[in-house]
Amino acid sequence: MAKKQVYDHGKIEKKWQKKWETSKIYKTDDKTLKLGQKKFYVLDMFPYPSGEGLHVGHPKGYIATDVVSRMKRMSGFKVLHPMGWDAFGLPAEQFAIKNKTNPMIGVKKTVARFKKQVSIIGLDYDWDREINTTDPKYYKWTQWTFLKMLEAGLAYESHEPINWCPSCKTGLANEDVEDGKCERCGTPVEKKPLRQWVIKITKYADRLLNDLEALEWPEPIKDAQRNWIGRSEGAEVTFKTNTGVDISVFTTRVDTLFGVTYVVVAPESKLIAEFGNNIKNQKDVAEFIKNTSKISDIERTAADKPKNGLKLEGVVAINPANNEEVPVFIADYVLANYGTGAVMVVPAHDTRDYAFAKKYNLPIREVIIPERVDLRNPPRKGKETVERQNIHAIVKNKKGEFLCLKWNKFNWLTFPMGGVEKGEDVVEAARREVAEETGYKNLKLVKVLGGQVRAEYFAAHKDQNRTAFTTAVLFDLIDDEQGEITDENDCDVLWLSKEKVTTENMTHAEMDIWLKRLVDMNDMSFVDDGVLINSAKFTSLKSEEARGKIAKAYGKLVTKYKLRDWVFSRQRYWGEPIPVIHCAKCGVVPVPYKDLPVVLPKVKSYEPTGTGESPLANILSWVNVKCPKCKGPGKRETNTMPQWAGSSWYYLRYMDPKNDKALVDPKKEAFWSPVDFYVGGAEHAARHLIYARFWHKFLQDIGVVKYSEPFKKLQNVGLIMGEDGRKMSKRYGNVVNPDTIVETYGADTLRLYEMFMGPFDQEITWKTDNIIGVRRFLERVWRMHERVVDDKKTNAKKGVAKKDAPGLENATEILFNQTIKKVTDDINTLGFNTAISQMMILVNQLEKSEAIPKSVYLTLIKLLAPFAPHATEELWMLLGQKGSVHTSGWPEYDSKKLVLNTITVMVQVNGRVRDQFSAELGISKEEMEKLALDSKYIQDNFAGKTPARVIVVPNKIVNLVY
RNA sequence: GCCGGAGUGGUGGAAUGGUAGACACGCACGACUCAAAAUCGUGUCUCGCAAGGGGUGAGGGUUCAAGUCCCUCCUCCGGCACCA
């Protein structure tokens with residue numbers, strides 16, 4: 001048949017890449033779009049073409065989308081698989097500064113290099129749809145959308161302090177700050193008041209949160225977004241002050257309102273100025289504010305976070321719940337831009353407040369206590385309920401044993417315990433009870449073990465239900481001196497080791513709490529929900545119930561988000577100009593739509609000015625324009641947009657890349673949206689993926705797009721690490737260049753290897769040594785073509801009828817069908833590694849036969865085509881097939897031929913495999929059981945015995961339980 | 001601290017609750033060769049000569065049966081973090 005041919009990957013790959021380019025077989029023709037036609041939009045997160053070039057980690061995602069795209073095309077879908085460039089931003093600008101050339105030139109070069117590197121891998125992009133965010137024809141529509149947002153009141157100017165990177169000399173959005181440092185250069189970020197454009201993304205917070213639900217995204221990414229949006233429900237309560245200015249606070253724990261012992265205001269809060277001369281220590285306050293602003297965020301939020309504050313002398317706030325006057329502080333642990341910028345402080349029930357209160361020696365008032373119901377002595381119906389103040393005395397001797405009482409009458413095991421009598425404090429009461437019940441006199445107080453615990457139980461010795469508020473007091477025993485035991489209860493006094501003092505052994509319902517407090521002696525603030533005490537008419541309510549009632553009585557329920565509005569200005573050159581004009585008379589005037597795009601002018605110096613103005617401010621001929629409204633003198637906005645602007649909607653432009661009348665033709669948008677499959681790095685969870693979702697929702701609101709979400713299914717690519725286990729980076733000298741691998745092993749091998757390495761979404765270490773495995777596989781497939789024969793011949797040889805093609809032995813034919821099914825399923829679920837391994841299994845099997853039916857081989861070639869497009873295309877041609885394998889149909893399997901007729905049944909004894917036997921598929925349960933009992937192992941070991949139980953799993957297992 | 005994810009041979013990894021280690025790398029031995037490379041074959045979790053036993057981070061539990069489900073803990077990775 002086919003003549004002998006060597007597998008020369010270099011020659012083959014170059015040849016087909018050229019042919020595909022000229023024949024445009026991957027072009028997505030959309031002249032004939034019909035709604036309802038099967039479509040598949042598969043998208044890579046487009047790259048920032050940096051000068052560094054690619055390493056082998058970069059194309060992993062591109063290869064995956066390529067495999068999916070090719071498989072879908074072969075399956076008859078209309079496929080959109082485009083690529084473009086996200087090219088605005090700092091790296092290109094730094095390049096410009098260094099070389100004093102327009103960044104456009106640098107971008108052109110790096111794009112060309114990038115494209116070349118991508119091309120040799122044989123990806124099936126439709127390059128006619130290539131886009132570039134820095135192309136004025138593209139950013140015209142970025143600017144257009146901004147104007148629409150301005151119109152909708154979503155874009156506004158603000159002068160509040162923002163994150164400022166002193167090294168990049170530009171403002172940053174919250175999302176661009178990591179650990180208090182600039183995400184790009186690592187410089188600690190400062191706060192700087194600056195005029196800037198901000199977008200009200202917070203208005204979409206609820207929709208961004210709720211719509212996550214229906215997305216087929218990895219759960220961790222959805223979680224990261226939920227976290228970032230940070231919805232929290234709470235209450236706003238207003239504290240009146242003696243200054244006439246009210247302080248409004250936000251809290252999620254309004255149930256603790258009666259425990260407020262002071263109020264704290266953020267140093268940056270406007271309230272400070274509003275209090276004015278009421279503040280008696282103005283000088284100190286000013287000093288404190290100055291010092292706080294000097295410290296960068298990174299220090300302010302450093303590891304152990306010391307909380308600094310200062311009392312505002314002369315200012316007192318009134319707790320609306322109890323009309324109590326409480327002092328007002330400023331402190332650095334309160335943020336101005338979350339909630340109301342002021343908090344009510346409840347040291348007893350918040351760890352931060354607790355730390356602050358301890359440091360400044362402020363009162364701590366407990367209003368929530370844990371509660372337990374004693375399940376072993378639950379309250380009984382019909383019995384009187386008595387409230388009691390109790391103590392539990394926990395006494396430890398030098399051996400570390402605890403003093404306990406064994407109650408003979410009730411089978412109880414308790415600490416010495418009892419009620420607090422009039423005029424006694426808890427420590428006195430505890431000493432008294434120990435003396436009365438055990439005789440021990442000499443105790444040294446260690447500490448009171450936190451606050452009270454509420455417990456409900458039945459006190460059998462007094463025949464009444466108790467609601468006890470119990471305090472535990474911890475003592476060390478000084479010596480064994482014992483007085484007389486005066487208590488009349490029949491108890492034995494015991495010393496029990498630590499191991500015996502457990503929740504199981506001890507009768508106290510509060511035991512788990514005591515044990516926890518014995519271990520962690522420091523943290524005494526109780527932050528969980530519980531039962532209210534000291535809270536007037538709300539006392540005895542549970543936290544949750546109390547929140548609703550207290551909020552209603554003294555404030556209102558509100559919802560807050562951690563998400564902040566999007567700081568949209570950059571004081572840099574290389575970005576989309578924000579299309580507005582400032583006019584002395586008319587204020588902010590949008591550039592008329594017909595004048596878009598506002599093209600970025602060429603400048604001599606790209607250096608950032610650092611003054612808060614972008615370098616554009618120096619180009620007077622560009623800056624000075626007529627006001628479009630009054631025709632008077634105006635000035636262009638010189639801030640530019642962040643890099644995230646252009647990438648927030650690029651996926652829409654691929655659908656209609658050359659349209660100069662609209663952002664995208666609605667018909668095309670309706671056909672292609674949403675992106676069916678989106679692949680990229682997990683690092684974009686909180687930025688690109690939030691901005692893009694927001695942008696899309698806005699476009700939906702103004703009728704540009706049809707659906708509410710842009711990306712239906714998202715998949716993260718796992719990083720490829722260097723051979724040393726570290727991130728691939730020039731810094732570590734562990735970079736592997738894909739060009740070298742393609743040169744030595746071929747693009748098909750590289751593709752197969754990257755897909756075979758391991759689970760697609762998992763981080764994995766590159767090992768050049770392992771590549772040889774997939775290369776050998778490819779060579780075996782290649783050599784096999786020499787043994788291909790017409791199906792008629794193999795059928796004749798095996799004596800099978802023609803219709804039973806492909807004329808394989810039964811077992812092989814089953815394997816063949818299984819392979820078609822598994823490869824198809826696995827590509828759909830991104831199990832590329834197991835898809836390849838299944839093909840390897842088939843090939844290993846086919847290797848054993850002398851002749852391979854042509855139809856079988858052609859099917860194998862098709863299955864392999866998405867992974868190794870060049871070699872398979874060549875083999876397709878060598879076997880005399882017409883057209884391209886990539887436009888041939890995707891194979892289908894025979895669902896009747898997925899399982900063998902002869903099965904192997906395992907015989908288990910007590911769940912462990914001991915023997916096996918063969919049987920016909922579909923054998924009855926009874927038959928299986930009988931054969932299992934007849935098996936050699938059972939006969940040898942259990943002859944004559946009847947199993948206690950028999951479990952039969954049809955066609956698989958018989959488990960005999962003896 | 002909070003929220004996620006993951007721990008399986010020498011290595012990468014595979015296993016709808018049903019034969020743990022598929023597939024591949026590496027290694028060992030063998031065939032071919034004057035020889036080597038390439039290729040092909042056999043073996044390769046572990047203890048044991050064997051029969052047999054043990055084994056999926058640790059410990060418990062559910063089940064006829066657990067890598068898989070539940071609980072406690074340990075380790076590693078990722079995200080968020082003074083968000084009231």
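Chain A is the first sequence line, chain B the second, and so forth, proteins listed ahead of strands; every chain is numbered from 1.
- With a cut-off of 3.5 Å on both pairing distances, U62(B) has no Watson-Crick or G-U wobble partner at all.
- Taking 4.0 angstrom as the limit, Arg780(A) places a side-chain polar atom (N or O) nearer than this to OP1 or OP2 of C40(B).
- Here, U8(B) and C76(B) have their C1' atoms 15 Å apart, quoted to the whole Å.
- Side-chain N/O atoms of Arg775(A) include none lying less than 4.0 angstrom from OP1 or OP2 on A38(B).
- Ring pair Tyr753(A)/Trp766(A): centre-to-centre distance below 6.0 Å.
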What's touching nucleotides 64-72 of chain B from the protein side, N or O pairs under 3.5 Å?
| residue | atom | partner | partner atom | Å |
| --- | --- | --- | --- | --- |
| C64(B) | OP1 | Arg949(A) | NH1 | 2.4 |
| C64(B) | O2' | Asn959(A) | ND2 | 3.1 |
| C64(B) | O2 | Asn959(A) | ND2 | 2.5 |

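- Using a 90° window around 0 for the glycosidic torsion, G9(B) falls inside it and is classed as syn.
- When heavy atoms are screened at a 4.0 angstrom cut-off, Arg564(A) is found touching base atoms of the nucleic acid.
- Taking only side-chain atoms of Val913(A), from C-beta outward, the nucleotide of C80(B), A24(B), U19(B) with the closest atom is U19(B).
- Listed nucleotides: C3(B), C23(B), G18(B). Nearest to the side chain of Asp223(A): C3(B).
- When the side-chain nitrogen and oxygen atoms of Arg776(A) are compared with OP1 and OP2 of U39(B), one or more of them lie within a distance under 4.0 Å.
- Straight-line distance between the C1' atoms of C32(B) and U42(B): roughly 15 Å, to the nearest whole Å.
- For Lys956(A) against U16(B), a side-chain N or O and a base N or O form a donor-acceptor pair under 3.5 Å.
- Remark: A6(B) base-pairs with U75(B); criterion is Watson-Crick or G-U wobble with both hydrogen-bond distances under 3.5 Å.
- Here the separation of G9(B) from C45(B), taken at their C1' atoms, is 5 Å to the nearest Å.
- For Trp228(A), the listed nucleotide lying nearest its side chain is A81(B); candidates were U39(B), A84(B), A81(B).
- Remark: Glu219(A) CD is packed, more than 12 non-hydrogen atoms of other residues, nucleotides or ligands lying under 6.0 Å away.
- Note on Asn844(A): only backbone sugar-phosphate atoms sit closer than 4.0 angstrom, heavy atoms only; bases stay farther off.
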Is there any protein nitrogen or oxygen under 3.5 Å from a nitrogen or oxygen in nucleotides 12-14 of chain B, and what are the pairs?
| residue | atom | partner | partner atom | Å |
| --- | --- | --- | --- | --- |
| G12(B) | O2' | Met757(A) | O | 2.7 |
| G13(B) | OP1 | Gln762(A) | NE2 | 2.6 |
| A14(B) | OP1 | Asn833(A) | ND2 | 3.0 |

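- Listed nucleotides A22(B), G53(B), C82(B) differ in distance to Tyr333(A); the shortest reach to its side chain belongs to C82(B).
- Residues Gln908(A) and Ile951(A) have side chains not in contact (no heavy-atom distance under 4.5 Å, counting atoms from C-beta outward).
- At a threshold of 4.5 Å between non-hydrogen side-chain atoms, the residues Val558(A) and Lys560(A) count as touching.
- In this structure, G1(B) forms a base pair with C80(B), meeting either the Watson-Crick or the G-U wobble geometry with both donor-acceptor distances under 3.5 Å.
- Looking at Asp748(A) and Arg775(A), no side-chain N of the basic residue comes within less than 4.0 Å of a carboxylate O on the acidic one, giving no salt bridge.
- For the pair Arg751(A) and Phe867(A), the cation does not sit on the ring face, since its NZ or CZ is not both under 6.0 Å from the ring centre and inside 45° of the axis.
- For the OP1/OP2 pair of A84(B) and a distance below 4.0 Å, the side-chain nitrogens and oxygens of Ser232(A) include at least one atom meeting the criterion.
- The side-chain heavy atoms of Val263(A) and Val343(A), taken from C-beta on, include no pair separated by under 4.5 Å.
- Lys359(A) NZ: more than 12 foreign heavy atoms inside a 6.0 Å radius.
- Side-chain atoms of His9(A) and Tyr7(A), non-hydrogen and from C-beta on, do get closer than 4.5 Å to each other.
- Using a 4.0 Å heavy-atom cutoff across all strands shown, Ile772(A) reaches sugar-phosphate atoms only and no base atom.
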